[in-house]
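Encoded as structure tokens, the structure appears first; notes follow it.
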Amino acid sequence: MLQRIQTIWALLAVLAAVFLFITGQDVVISDSIPLLNLGCIALVIIGALSIFSFKNRKRQILLNTISIIINVLLIGVLAYWLLKLSGGIHFPEKGIEPIFPLIAVICLLIANVYTRKDERLVKSVDRLR
């Protein structure tokens, strides 16, 4: 069922990854590897798999956990990029890129809470049969 609340939270996490991809075009961490772009693409693919694996809640929790790990790594990479930038700590100069993975982590944690709640509900109904 795509109309569950955890699907909305997972969709918000995917949208955060898309916004990070759009706004992170000026982020240069390594000249040879587009690390941020690859991470964003992986997050969108894993998020889409998580959204459409609504029948298998354990897989959905696993995919959300993998997305959380990738987002935390991206937060670390973006924090490194912010510290490596030259200049003062002027906010408009630095950008808002690290906010998007943080929003995605929060959304994915909430989605996992609701998915686990659904899993407990299904197990309790199966015990009653």
Side-chain angles (χ1 to χ4, degrees):
M1 294 187 320
L2 286 174
Q3 67 268 21
R4 297 181 307 166
I5 187 72
Q6 58 264 33
T7 304
I8 294 171
W9 287 109
L11 183 65
L12 288 173
V14 169
L15 287 175
V18 169
F19 289 146
L20 178 63
F21 183 78
I22 292 169
T23 61
Q25 295 302 317
D26 60 341
V27 176
V28 177
I29 293 138
S30 172
D31 292 333
S32 60
I33 302 172
L35 188 63
L36 189 68
N37 292 342
L38 291 175
C40 290
I41 291 170
L43 285 173
V44 169
I45 291 172
I46 292 172
L49 288 173
S50 173
I51 289 171
F52 290 111
S53 65
F54 53 87
K55 290 183 180 180
N56 192 346
R57 285 173 296 280
K58 290 182 182 179
R59 182 185 312 146
Q60 196 173 26
I61 291 172
L62 176 70
L63 290 172
N64 287 345
T65 306
I66 291 170
S67 292
I68 289 171
I69 292 169
I70 294 172
N71 275 311
V72 168
L73 291 174
L74 281 178
I75 289 172
V77 166
L78 288 169
Y80 170 75
W81 172 71
L82 282 175
L83 293 174
K84 193 179 78 165
L85 280 178
S86 62
I89 194 158
H90 302 293
F91 183 72
E93 185 179 317
K94 292 276 184 163
I96 61 167
E97 286 86 5
I99 301 279
F100 293 121
L102 184 64
I103 291 171
V105 166
I106 293 169
C107 290
L108 288 168
L109 286 173
I110 294 171
N112 273 349
V113 166
Y114 282 112
T115 306
R116 285 188 183 105
K117 189 183 286 188
D118 275 0
E119 185 68 23
R120 284 193 305 264
L121 179 67
V122 168
K123 284 183 180 181
S124 70
V125 169
D126 285 344
R127 279 186 288 214
L128 291 175
R129 288 185 197 176

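Keep in mind it's a predicted model, so treat the numbers as computed, not measured. Scope of the values below: all heavy atoms of this structure, side chains included, with no hydrogens, waters or symmetry mates.
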Separation between [atom1] of [X] and [atom2] of [Y], rounded to the nearest 0.5 Å:
X	Y	atom1	atom2	value
Lys117	Ile5	NZ	CD1	10.0 Å
Phe19	Ile96	CZ	CD1	10.0 Å
Asn112	Gln6	CG	CD	9.5 Å
Leu74	Leu38	CG	CG	10.0 Å
Leu12	Ile106	CG	CD1	11.5 Å
Arg57	Lys123	CZ	NZ	9.5 Å

For the residue pair Gln60 / Arg116, report whether a side-chain donor-acceptor contact shorter than 3.5 Å exists.
no
Hey, what else clusters with Ile61 if you join Ile, Leu, Val, Met, Phe, Trp, Tyr whenever side-chain heavy atoms sit under 4.5 Å?
none
Side-chain hydrophobic cluster, 4.5 Å single linkage: members besides Ile69
Leu73
I'd like to check [X] versus [Y] (side-chain heavy atoms, cut-off strictly below 4.5 Å). Are they in contact?
X	Y	answer
Glu97	Trp81	yes
Lys58	Thr115	no
Thr7	Arg4	yes
Leu78	Leu36	yes

Shortest non-hydrogen separation from [X] to [Y] and the atoms involved:
X	Y	result
Ala17	Cys40	O-SG, 3.8 Å
Ala111	Trp9	CB-CB, 3.8 Å
Ile70	Gly39	CG2-O, 4.3 Å
Leu43	Ser67	CD2-O, 3.6 Å
Pro101	Pro98	CD-O, 3.4 Å

Those residues that, when tested against Asn37, pass side chain to side chain donor-acceptor pair (under 3.5 Å) (two or more places apart)
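Asn37 satisfies side chain to side chain donor-acceptor pair (under 3.5 Å) with no other residue.
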Same apolar cluster (I L V M F W Y, side chains within < 4.5 Å links), Ile66/Ile41:
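Yes, Ile66 and Ile41 fall within the same hydrophobic cluster.
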According to a 4.5 Å side-chain heavy-atom criterion applied to Ile, Leu, Val, Met, Phe, Trp and Tyr, with indirect links allowed, do Val113 and Leu63 form part of one hydrophobic cluster?
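No, no single cluster joins them.
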Run Phe100 and Thr23 through side chain to side chain contact (heavy atoms under 4.5 Å, CB included) and show every step you take.
CA-CA 10 Å; Phe100 293 121; Thr23 61; 3.5 Å; yes
I'd like a table of donor-acceptor pairs (distance under 3.5 Å, sequence neighbours excluded) in which one partner is a side-chain atom from residues 46-53, with atom names and distances.
{"residue": "Ser50", "atom": "OG", "partner": "Asn64", "partner atom": "OD1", "Å": "2.8"}
{"residue": "Ser53", "atom": "OG", "partner": "Leu49", "partner atom": "O", "Å": "3.0"}
{"residue": "Ser53", "atom": "OG", "partner": "Ser50", "partner atom": "O", "Å": "3.3"}

Pairing residues for Val72 by the side-chain contact (heavy atoms from CB on, under 4.5 Å) criterion, not counting sequence neighbours:
Ile68, Val105
